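Here the structure is laid out as structure tokens; the discussion comes afterwards.
On a predicted model such as this, the values are computed, not experimentally measured, just so you know.
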4 protein chains.
Amino acid sequence: MFILNPHSSVPIYQQLVDQVRRLVAGGQLVPGAELPSVREMAHEHTVHPMTISKAYSLLESEGILERHRGKPMRVAALRRNQSGVAARLKQIEPQLEALALSARQLELSSDDIVAQLRKKLGEKP
Amino acid sequence: MFILNPHSSVPIYQQLVDQVRRLVAGGQLVPGAELPSVREMAHEHTVHPMTISKAYSLLESEGILERHRGKPMRVAALRRNQSGVAARLKQIEPQLEALALSARQLELSSDDIVAQLRKKLGEKP
Amino acid sequence: MFILNPHSSVPIYQQLVDQVRRLVAGGQLVPGAELPSVREMAHEHTVHPMTISKAYSLLESEGILERHRGKPMRVAALRRNQSGVAARLKQIEPQLEALALSARQLELSSDDIVAQLRKKLGEKP
Amino acid sequence: MFILNPHSSVPIYQQLVDQVRRLVAGGQLVPGAELPSVREMAHEHTVHPMTISKAYSLLESEGILERHRGKPMRVAALRRNQSGVAARLKQIEPQLEALALSARQLELSSDDIVAQLRKKLGEKP
DNA sequence: GTGGTCTAGACCACA
DNA sequence: GTGGTCTAGACCACA
């Protein structure tokens, strides 16, 4: 369910945080759903447990996950308006802005960029 | 001409590398053009000369800039097919893929994403 | 294992890059082998850590070393045909050409040069 | 007669010094022979006159060239035993030692190295 | 004038 | 523990 790439320049804990956040916002992870334990997850991805732990803690402090003694982490109840299209678009705004900047500096036309983006959106990961 | 943000999480030297790379690919910096000297650039952005120097060295090792002893760095001759639309699209492919992944996980429709992207592309930076 | 001479006109970081490159090509450093940490190496040779770091970074960008967050640098897997005799001879080709040029200009006979070279090759460093 | 490569990592003045030294030792430049003027040489190789001047001055201080007011630089009379085989071999000793070190670290056999060197010695430049 | 190297030393991110 | 970034500042080589 989770894809962690140790060779990426994005820190592993960050990759995990980003994915959980988006899966929750996207509805693939619903409130109450349980996440793999730190140990399980660490073992499966051969990653240091502290790395998973850090990601979970961040998600907890964001109110996205909930910790209950003795139980696995769970997806928290959604706050109001957290899952509307606007809220989700807001989440990728920084990515969109960075992309737009790159496109301008590369003097790529909007149509070329959009065509390429649609291609990527159509592909399965 | 260059925008360096010391508060960004992207290292300063990396910001400069990215911008020069894109300005060259985009044609705003043509082969033979001289870049500001290390000291000039450092002074203008109140940044340590070594930070600029590191960026220039990386760009030299990529073959984008050329060093000529005693002279400022210059934009190198382009390698064949380096500046076609395809090559430039290739440069932002990682960004496009990351965006597509985010969009899928957020269950955002292609049309919503594209509409938002076009808005950003239309804005002046 | 490494010999760094601070009085040489060859920059310290360059000496290290050259040696690692050759030890890897020669097989004394095998893929997966860990290098001394930046701090260790710096302390042992009483050199600034950044100097070692610079060498390691260059070797990483050449694909000779691999960085794994939180761990010491490691020798990367060899690219195909990277370690054959031909590939290794290729590495000293510039040195051979410079030597041949000198010999010609000094009007030294091939036999004199070769005899002298064999003597040096026989000596322990 | 002289080959100056501005892209080499060896400084231009040094390239010139090395070549003159070897051409004199090799007998291609005999005592009394005149060298091109600083201006001429600088113009021919599109190099800064100061660069040529620096090389000539170094050669003069070594006693290889002589300056006579109003005349071009001339090759000085040879000092005793300056042109014997042993003296000339001495001049390339540092190069031979560097080569031997590289060969050892690359674990190249003496025979492979020598074969390759003979090939280079046989080629015209 | 140009860029390069190096040290001292602070501070950070990651595992 | 690991490596990375950055500054302050000295000193050098080259043109």
Q) Rounding to a whole Å, what distance do you find between B:H68:NE2 and F:dC14:C1'? A) 14 Å
Q. Do the charged groups of D:R74 and D:E34 touch, with an N to O distance under 4.0 Å?
A. no
Q: Please state whether the phosphate of E:dG4, meaning OP1 or OP2, lies under 4.0 angstrom from any side-chain nitrogen or oxygen of B:R67.
A: yes
Q. B:L35 CG to E:dT2 C1': how many Å, rounded?
A. 14 Å
Q | Length of the CD-C1' vector between D:Q15 and F:dA13, whole Å | A | 15 Å
Q: Between A:T51 and B:M73, just flag the one whose closest nucleotide in DNA chain E comes earlier from the 5' side.
A: B:M73
Q) Any donor and acceptor pair, going by atom type alone, linking the side chain of C:H45 with main-chain N or O of C:V47 inside 3.5 Å? A) no
(Q) It should be established whether B:Y56 places a side-chain nitrogen or oxygen under 4.0 Å from OP1 or OP2 of nucleotide E:dG3. (A) no
Q. Would you say F:dT5 has OP1 or OP2 under 4.0 Å from some side-chain N or O of B:Y13?
A. yes
Q.
Atom NE2 of residue position B:H68 - does it have more than 12 heavy atoms of other residues, nucleotides or ligands inside 6.0 Å?
A. yes
Q: Would you mind pulling out the nucleotide paired to F:dG1, Watson-Crick or G-U wobble, both distances under 3.5 Å?
A: E:dC14
Q.
Please tell me if B:S37 has a side-chain N or O lying less than 4.0 Å from either OP1 or OP2 of E:dT2.
A. yes
(Q) Rounding to an integer number of Å, can you tell me how far B:M50 CE sits from E:dG3 C1'? (A) 12 Å
(Q) Looking only at side-chain N and O atoms, does C:Q95 offer a donor or acceptor that is under 3.5 Å from a partner on D:S102? (A) yes
Q. For B:L58 and E:dG4, what is the distance between atoms CG and C1' respectively, to the nearest whole Å?
A. 14 Å
Q: Look at all strands and tell whether D:V47 reaches a base, only sugar-phosphate, or nothing, counting heavy atoms closer than 4.0 Å.
A: nothing
**Q.** Integer-rounded Å distance: E:dA13 P and C:R69 CZ
**A.** 14 Å
Q: By nearest nucleotide on DNA chain F, pick out whichever of D:H48 and B:Q14 is the more 5' one.
A: B:Q14
Q: Using the closest heavy atom to pick a nucleotide of DNA chain E for each, name whichever of A:P11 or B:E60 lands nearer the 5' end.
A: B:E60
Q: Take the protein atom CZ of C:R39 and the nucleotide atom P of E:dG9, then report the distance between them rounded to whole Å.
A: 15 Å
Q: May I have the distance from D:I12 (atom CD1) to F:dC14 (atom P), rounded to whole angstrom?
A: 10 Å
Q: Could you tell me whether D:R21 and D:E62 have a side-chain N and a carboxylate O separated by less than 4.0 Å?
A: yes
Q) Does a side-chain N or O from B:K71 land closer than 4.0 Å to OP1 or OP2 of E:dG3, or not? A) no
Q) With respect to the phosphate group of E:dT5, does any side-chain polar atom (N or O) of C:K54 fall under 4.0 Å of OP1 or OP2? A) yes
Q.
Here's a test of your reading of the structure: between B:V10 and C:P36, which maps to the more 5' nucleotide of DNA chain F?
A. C:P36
